Amino acid sequence: MKLFFHNFLYSFKILLRNKVLVFWIMLFPIILGTFFYLAFSQIEKKESFEAFPIGVVVKDNSIMANYAKNVFQELSKDGQDKIFQMEYMSVLKAEEKLQKKEIVGYVICSSSLSFVIGNNGIYETILKTVVDQVMEEFAIYTTLLEKNEGNKKMDKAWIEKTGKEINTILQKSFVSLIDDSPSKLSYTMIEFYSLIAMTCFYGAMLAMTSVNKNLANMSFVGKRVQVSPTPKFHLIFSSLLASFLIQIISLIGLFFYTTFFLHIHYGEHFLWIVLLSLFGAIAGLSLGVFVASVLKSNENTKIGFLILITMFGCFLSGMMGITMKYLVDKNFPIINRLNPLNMITDGFYSLYYYGVHGKFFLNLFSLGCFSIVLIGISVWVLRRQAYDSI
Amino acid sequence: MRNIIEVNHLTKVYKNLRAVNDLSFEVKEGEILGLLGPNGSGKSTTINCILSLLTFQEGSIQVFGKPMTPTSYASRKKMGVVFQDVCVFDELTVFDNVDYFCGLYIQNSAVRKEYVEDAIALVGLQDFKKYTPKQLSGGLLRRLNIACGIAHKPQLLFFDEPTVAVDPQSRNNILEGIKILRDMGATIVYTSHYMEEVEILCDRIIILDKGKILASGTSDELKALAKIEEKITVEIIDLPKKYLDKISHFSNVQNVTYSNQVLHVVYKKGKNNLVELIDYFKKEKIKYNKIFSLRPTLNDVFLELTGKELRDS
């Protein structure tokens, strides 16, 4: 036990004093996180939708005019679905306001629906889309009414009742086109989930260094360590434990910095996020042990290889744009099912959308399997005690 | 004296290269055995096989009377190694490096601290305890490498070319340290391609070339193999050929060369060769500057056995 602690303590010291490792494990995620925060929070601010002013000119009391009036009123109510800041006005007033750019455009509601816009832009496009949609829906509405005209049982009350129902259905379907998700995952959160996954897997470098220092065929110090009267696995295990501790410290640092300095809110299931991160960290360590034991090349090549694997895994799991994750999931699902970084980010997404759910546990299970397979292969390779050449 | 190491018919082959070829020798308790040979002669491979770092195709190795395997932890506890490469952690200080490696053998922290201090003192690094390896010169780094290998006071020590690329001061310090360890009773296997070091340090020497033992014995026993007794070197500004011919016909003279104003006379045997030569110069009124006589070296032995210089190999 004393020997275990002795090796653990010195491994911890050695790893922490390795400036290259400390940069990649502790500083790089924080730097990248800050960069993400600055870049994506600004994009989100720019892209955050604000209701824009329009004018509504009601020319008569036709069904179409009333229907359109109702729709624009609904879409101007305060709440999540608010799109417009609507104001009733005359055509003259609307023209004047449009000239002064006080409104984006105005809608003329009569037996037919028309609109006038000042420029071409995103707000004008939205207004046009809404007007088109209203007209389309109204067409459906009237078609249904006309179809039922021959029905002998159809009376005034029935028409009103059916009309209201159709109207409600249409309005609901209209709203659902704008917002179909119960909770919105921001760009920033997607990036930060990938960042945590990346940090977990950068731990692979720690594990690789820890293993290398105990192997005679991998490092000079490994030769000296291996001629000592201490079993190799004893030393490797205590060194890996030191690596794991540093990995946990780096994850704590990342969570602390992003939560308290960048004000990232990780949601309600924080303890489950921590659990998933720990599984991710173990998977990262496993990859490091695997590369250290199986790949026969110098340490710098191995570090480069690990960084490449991690960044590519992050790329496929959406770090450089969620579209990539979507494309891979859609076209080559097997890749992301085998991609351990995707297992981590997928676990975070499922926690966010569905809470503690089967999909989350499936990701935990997949990470566990990934780790067991890699550690198994590594142990099989590392069981050799003497080498053909060193 | 009992044998600490017994190597029997050891053969190690790397793909197409037979690095060690049917090697047999033993190391007795308390002696310093020198393995002398040029680079690539199989010295380090032999040591790595004894340490069970390398697998080998044929032969057997016993250390402390037991077969040596990678799990011979009891034997390993009594062994120390100073590798040719500097095997230390750049991230740790001098003290921490020695303490770390010593800690793999000695678990009692009080005893370990004492051992670490002793090792640092032995190699003369007391003033550099808080330095990191990157702050040390090449010579000091080599000394640290030695301290890491000997701190746990092993009974059997391997020094694999510990003085490669070391300044003369550090080399002397290292050699003095090894002598102290021998005086303390350690059995030592010392490999080098510096014949002077091996000659100074070792009780017995094995000369290796291409993985084979060319000769073994004490320094004097090996020099006897060189079939020469004495080499006399004289600085002469001008020596006409007739004198050279005359000298070459002296009794016991094996070979005479004159180049770059230096005369080399090699004698097979005999006494008073130097006196005879000086008398001849006086008689012929040949003026000379310096004259000195040398006993044959291990290089001469190597030359005799292989036809090539040890340094050039």
Side-chain angles (χ1 to χ4, degrees), chain A residues 1-23 25 205-206 209-210 212-236 238-239 242-243 246 298-300 382-390, chain B residues 12-15 17 19 44-45 47-57 68-93 96-97 99-109 112 132-133 145 148-149 151-152 154 156 158 160:
Chain A
M1 197 61 200
K2 266 187 180 177
L3 183 64
F4 186 89
F5 189 68
H6 173 80
N7 191 54
F8 171 80
L9 202 69
Y10 270 109
S11 298
F12 188 74
K13 225 178 200 182
I14 290 162
L15 292 172
L16 264 191
R17 287 182 186 172
N18 187 321
K19 286 173 189 160
V20 176
L21 283 179
V22 167
F23 172 78
I25 311 293
M205 286 187 268
L206 289 168
T209 310
S210 294
N212 273 358
K213 87 172 181 64
N214 293 300
L215 298 182
N217 61 337
M218 292 294 169
S219 63
F220 291 149
V221 284
K223 280 165 81 175
R224 175 159 279 157
V225 170
Q226 208 165 322
V227 297
S228 74
T230 315
K232 187 163 66 176
F233 280 107
H234 195 104
L235 293 169
I236 289 176
S238 56
S239 300
S243 308
I246 292 175
N298 65 46
E299 195 159 317
N300 287 337
L382 289 172
R383 80 194 193 290
R384 290 183 57 191
Q385 302 273 357
Y387 306 94
D388 292 334
S389 62
I390 49 175
Chain B
K12 167 71 187 171
V13 181
Y14 293 114
K15 290 184 180 171
L17 177 74
S44 298
T45 303
I47 287 192
N48 286 332
C49 287
I50 296 172
L51 294 170
S52 273
L53 287 176
L54 284 176
T55 55
F56 48 87
Q57 283 71 26
M68 188 65 189
T69 68
T71 52
S72 300
Y73 298 126
S75 297
R76 282 180 182 230
K77 208 170 172 67
K78 296 183 273 186
M79 293 158 69
V81 190
V82 176
F83 288 101
Q84 190 174 347
D85 306 299
V86 176
C87 309
V88 296
F89 290 106
D90 286 343
E91 296 84 1
L92 298 180
T93 61
D96 281 351
N97 260 300
D99 186 55
Y100 172 67
F101 289 112
C102 188
L104 298 178
Y105 298 79
I106 310 288
Q107 290 177 35
N108 183 310
S109 52
R112 190 170 75 231
T132 58
N145 195 35
C148 291
H152 57 286
L156 172 61
F158 294 87
D160 191 6

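Not measured: the values here are computed from a predicted model. For the numbers below, each heavy atom of this structure counts, side chains included, while hydrogens, waters and symmetry mates do not. A note on names: the letters A, B, ... follow the listed sequences, proteins ahead of strands, and every chain is numbered from 1.
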Just wondering, do [Y] and [X] contact through their side chains at under 4.5 Å, heavy atoms?
X: His6(A); Y: Arg112(B); answer: yes
X: Ser228(A); Y: Arg76(B); answer: no
X: Tyr387(A); Y: Thr55(B); answer: no
X: Asp96(B); Y: Arg17(A); answer: yes
X: Phe89(B); Y: Lys13(A); answer: no
X: Phe101(B); Y: Val225(A); answer: yes

Counting only non-hydrogen atoms closer than 4.5 Å, does [X] touch chain A with its backbone (N, CA, C, O), its side chain (CB onward), both, or neither?
X: Asp90(B); result: neither
X: Val86(B); result: backbone
X: Asn145(B); result: both
X: Cys49(B); result: neither
X: Lys78(B); result: neither

- prompt: Is the CZ atom of Phe8(A) crowded by more than 12 outside heavy atoms at less than 6.0 Å?
  reply: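 Yes, the 6.0 Å shell around CZ holds more than 12 heavy atoms from other groups.
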- prompt: For Tyr14(B), does the OH atom have more than 12 heavy-atom neighbours from other residues, nucleotides or ligands under 6.0 Å away?
  reply: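 Yes.
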task: Supply the atom-to-atom distance Asp85(B) CG to Lys223(A) NZ, rounded to the nearest 0.5 angstrom.
output: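 If we round to the nearest 0.5 Å, Asp85(B):CG and Lys223(A):NZ are 5.0 Å apart.
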field: Euclidean distance, Lys2(A) NZ relative to Ser109(B) OG, rounded to 0.5 Å
entry: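 Those atoms lie 5.5 Å apart.
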task: Tell me, for Leu15(A) versus chain B, whether the close heavy atoms (under 4.5 Å) come from the side chain, the backbone, both or neither.
output: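 Leu15(A) has no heavy atom closer than 4.5 Å to chain B.
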query: Quick one: does Thr230(A)'s side chain have a donor or acceptor within less than 3.5 Å of a partner on Leu104(B)'s backbone?
result: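 Present.
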message: Checking Phe158(B) now: which residues fulfil ring-ring contact (aromatic ring centres under 6.0 Å, His included) with it, not counting sequence neighbours?
response: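 By the ring-ring contact (aromatic ring centres under 6.0 Å, His included) rule, Phe158(B) matches no residue at all.
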